[in-house]
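Just so you know, these numbers come straight off a predicted model, no measurement behind them.
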Amino acid sequence: EAPDELGSLEVPPLSLQTLVENSVKYAIAPRPSGGRIRVAARSDGGRAHLEVWDDGPGFSADAVPDGHGLENLQARLATLFGAGAKLEVRPSEGGGSVVISLPQTQMAARP
């Protein structure tokens, strides 16, 4: 889910894939009935917010082990954007999400 104006948004390579893979591995695959994953983007005040939500049990950022994909992603975002990037775990009843917030940049128009 993303508005058309974010169609040319530059997203760090493999950032969303990492989050979707985590949802599949930890929230969907362990359940015989499967589950749901939603990927969404929105823009707010010059920042892009990229969210991957699943209907799994959720987790807290404190529960992420060292060397986990989320820790590696946070390090990559810090390298690319410094303090301008943020990765936030949002557990909630009925699921949980991870949101990447970063300065919004647009790719140059291509022919």
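Put simply, CD1 on I100 and CD on E88 are 12.0 Å apart, with the number rounded to the nearest 0.5 Å. For the atom pair NZ of K86 and NE2 of H49, the computed distance is 9.0 Å after rounding to the nearest 0.5 Å.
Nearest heavy atom pair, residue A27 against residue G56, reads CB-CA, 3.7 Å.
Two different hydrophobic clusters hold I28 and W53 under the rule that ILVMFWY side chains link at heavy-atom gaps under 4.5 Å.
In this structure, the side chains of L70 and V98 come closer than 4.5 Å at one or more pairs of heavy atoms. Looking only at side-chain heavy atoms (C-beta outward), V99 and R90 come within less than 4.5 Å of each other. When side chains are defined from C-beta on, L87 counts as touching L73, because their heavy atoms get closer than 4.5 Å.
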Show me the donor-acceptor pairs within less than 3.5 Å that the side chains of residues 12-21 make with the rest of the protein, sequence neighbours left out.
unit_1	atom_1	unit_2	atom_2	d
S15	OG	P12	O	2.7
Q17	NE2	E21	OE2	2.8
T18	OG1	L14	O	2.8

Return all side-chain donor-acceptor pairs below 3.5 angstrom for residues 32-48, not counting sequence neighbours, or 'none' if the list is empty.
unit_1	atom_1	unit_2	atom_2	d
S43	OG	Q104	OE1	2.5
R47	NE	S101	OG	3.0
R47	NH1	G84	O	3.0
R47	NH2	G84	O	2.7
R47	NH2	S101	O	3.1
R47	NH2	S101	OG	3.0

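D55 pairs by the side chain to side chain donor-acceptor pair (under 3.5 Å) definition with R31, not counting sequence neighbours.
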